[in-house]
Amino acid sequence: SAKSRFLAAVSHDLRQPMHAVSLYVASLDRMVDTKTTRWLPIPELKSQIQKLSATVSYMNEMFETLLDMSRLDAGVTPVDIKSIELHPMLKRLEQEYSVVAAELQLSFHLKISQGDTLYVMADANALERLLRNLISNALKNTQSGGVRLHALKRPQAVEIRIVDTGVGIARELREKVFQEFFQIHPDDKRSER
């Protein structure tokens with residue numbers, strides 16, 4: 001039952017970016033003068049392409065999450081744990097999500113412990129997907145302000161935080177967010193974080 005509700009919610013969430021992709025493509029189509037095949041103002045064109053790319057990227061993340069879930073259910077997800085340096089991954093996320101945040105009129109910042117090379121033992125793909133999901137959720141649920149990705153070196157670990165200025169989650173629901181397929185509804189959010 002929870003899985004069905006989750007899949008229904010994801011299907012609903014995918015409609016909005018699909019609609020946005022359709023609008024951006026239609027807008028790009030209008031920017032082409034079909035009689036002369038001459039492109040119209042480049043800044044407007046670039047802006048539309050950036051919006052389209054950000055939306056497609058968000059949809060790909062959602063589809064990857066669904067695929068990961070089905071692989072986990074089938075027990076066929078390989079795990080490749082090894083030592084990885086975090087800086088390249090974090091900088092890549094900063095570059096990508098700075099563009100997405102700007103489109104939403106939000107800020108996105110990366111804060112890393114200075115002077116330290118950060119290594120962790122992890123599956124690089126799984127870690128990046130996890131961070132992408134958390135950042136996407138933070139951006140999706142933040143109306144103003146922004147999101148910060150923060151990596152801190154600890155004595156035997158690296159602490160990664162994603163901090164946002166969103167409304168937060170009601171205290172009594174905080175443990176439930178770790179349950180499989182559980183989703184917070186807008187009425188369950190509040191400013192106490």
Side-chain angles (χ1 to χ4, degrees), residues 6 10 13 53-54 56-184 188-193:
F6 175 79
V10 167
D13 286 351
S53 295
V56 168
S57 177
Y58 172 69
M59 289 177 59
N60 281 335
E61 289 173 28
M62 294 187 79
F63 284 124
E64 283 298 321
T65 300
L66 289 173
L67 284 172
D68 287 345
M69 285 172 44
S70 64
R71 288 185 196 120
L72 284 170
D73 280 350
V76 294
T77 302
V79 178
D80 182 22
I81 295 179
K82 58 186 174 188
S83 177
I84 56 171
E85 183 184 357
L86 282 178
H87 278 84
M89 179 189 298
L90 298 178
K91 293 300 278 182
R92 188 167 54 248
L93 292 171
E94 178 187 32
Q95 288 175 343
E96 183 177 326
Y97 284 102
S98 291
V99 173
V100 175
E103 290 296 327
L104 297 169
Q105 297 182 334
L106 299 170
S107 64
F108 183 83
H109 298 290
L110 171 63
K111 185 175 180 184
I112 306 175
S113 293
Q114 293 300 315
D116 292 323
T117 303
L118 304 176
Y119 285 92
V120 295
M121 294 296 292
D123 180 305
N125 292 328
L127 178 60
E128 185 164 342
R129 276 196 305 274
L130 171 70
L131 293 174
R132 286 178 178 279
N133 286 338
L134 292 171
I135 294 167
S136 292
N137 282 340
L139 288 169
K140 181 179 171 184
N141 293 291
T142 299
Q143 305 305 314
S144 63
V147 175
R148 186 175 72 240
L149 174 58
H150 196 175
L152 298 162
K153 187 171 185 177
R154 299 293 187 211
Q156 296 297 318
V158 174
E159 181 180 317
I160 300 174
R161 297 179 187 176
I162 295 166
V163 182
D164 64 68
T165 56
V167 295
I169 299 170
R171 223 177 253 291
E172 62 271 13
L173 296 175
R174 290 183 187 172
E175 289 302 314
K176 289 187 177 184
V177 298
F178 297 103
Q179 294 174 6
E180 192 174 23
F181 308 119
F182 181 81
Q183 277 195 319
I184 299 287
D188 297 328
K189 298 172 186 173
R190 64 177 185 210
S191 55
E192 184 183 349
R193 298 186 309 162

Pairing of Glu159 and Arg161 as salt bridge, 4.0 angstrom limit: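 Salt bridge present between Glu159 and Arg161.
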Salt bridge present between Glu96 and Arg92 (N-O < 4.0 angstrom):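 No salt bridge links Glu96 with Arg92.
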Would you give the length of the straight line joining atom [atom1] of [X] to atom [atom2] of [Y], rounded to the nearest 0.5 angstrom?
X: Leu86; Y: Leu127; atom1: CG; atom2: CG; value: 6.5 Å
X: Arg148; Y: Ser107; atom1: CZ; atom2: OG; value: 9.5 Å
X: Glu175; Y: Ile169; atom1: CD; atom2: CD1; value: 10.5 Å

Verdict with reasoning, Tyr119 to Thr117, per side-chain contact (heavy atoms from CB on, under 4.5 Å): CA-CA 7 Å; Tyr119 285 92; Thr117 303; 3.2 Å; yes
Is the closest side-chain heavy-atom distance between [X] and [Y] below 4.5 Å?
X: Thr142; Y: Leu104; value: no
X: Leu118; Y: Glu85; value: no
X: Val158; Y: Leu152; value: no
X: Leu93; Y: Met89; value: yes
X: Glu128; Y: Asn125; value: no

Contacts of type side chain to side chain contact (heavy atoms under 4.5 Å, CB included), residue Asn133, not counting sequence neighbours: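 Per chain and number, Asn133 pairs via side chain to side chain contact (heavy atoms under 4.5 Å, CB included) with Thr65.
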Steps toward side-chain contact (heavy atoms from CB on, under 4.5 Å) verdict (Val100, Phe108): CA-CA 9 Å; Val100 175; Phe108 183 83; over 6 Å; no
Side-chain donor/acceptor of Thr165 to backbone N/O of Ser144, under 3.5 Å: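 Confirmed, Thr165 side chain pairs with Ser144 backbone.
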Check: Asp123 side chain, Asp80 main-chain N or O, donor-acceptor pair, under 3.5 Å: yes
Check against side-chain contact (heavy atoms from CB on, under 4.5 Å), Leu134 and Arg132: CA-CA 5 Å; Leu134 292 171; Arg132 286 178 178 279; over 6 Å; no
Val163 and Val147: CA distance, side-chain angles, deciding distance, side-chain contact (heavy atoms from CB on, under 4.5 Å) verdict: CA-CA 6 Å; Val163 182; Val147 175; over 6 Å; no
Heavy-atom closest contact (Ala122 atom, Ile84 atom, distance):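 Result for this residue pair: CB-CD1, 4.3 Å.
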Shortest non-hydrogen contact from Leu90 toward Ala151: CD1-CB, 3.7 Å
Qualifying residue, where the test is side chain to side chain contact (heavy atoms under 4.5 Å, CB included) with Glu94 and the options are Leu110, Ile112, Ile135: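 By the side chain to side chain contact (heavy atoms under 4.5 Å, CB included) criterion, Glu94 pairs with just one of Leu110, Ile112, Ile135: Leu110.
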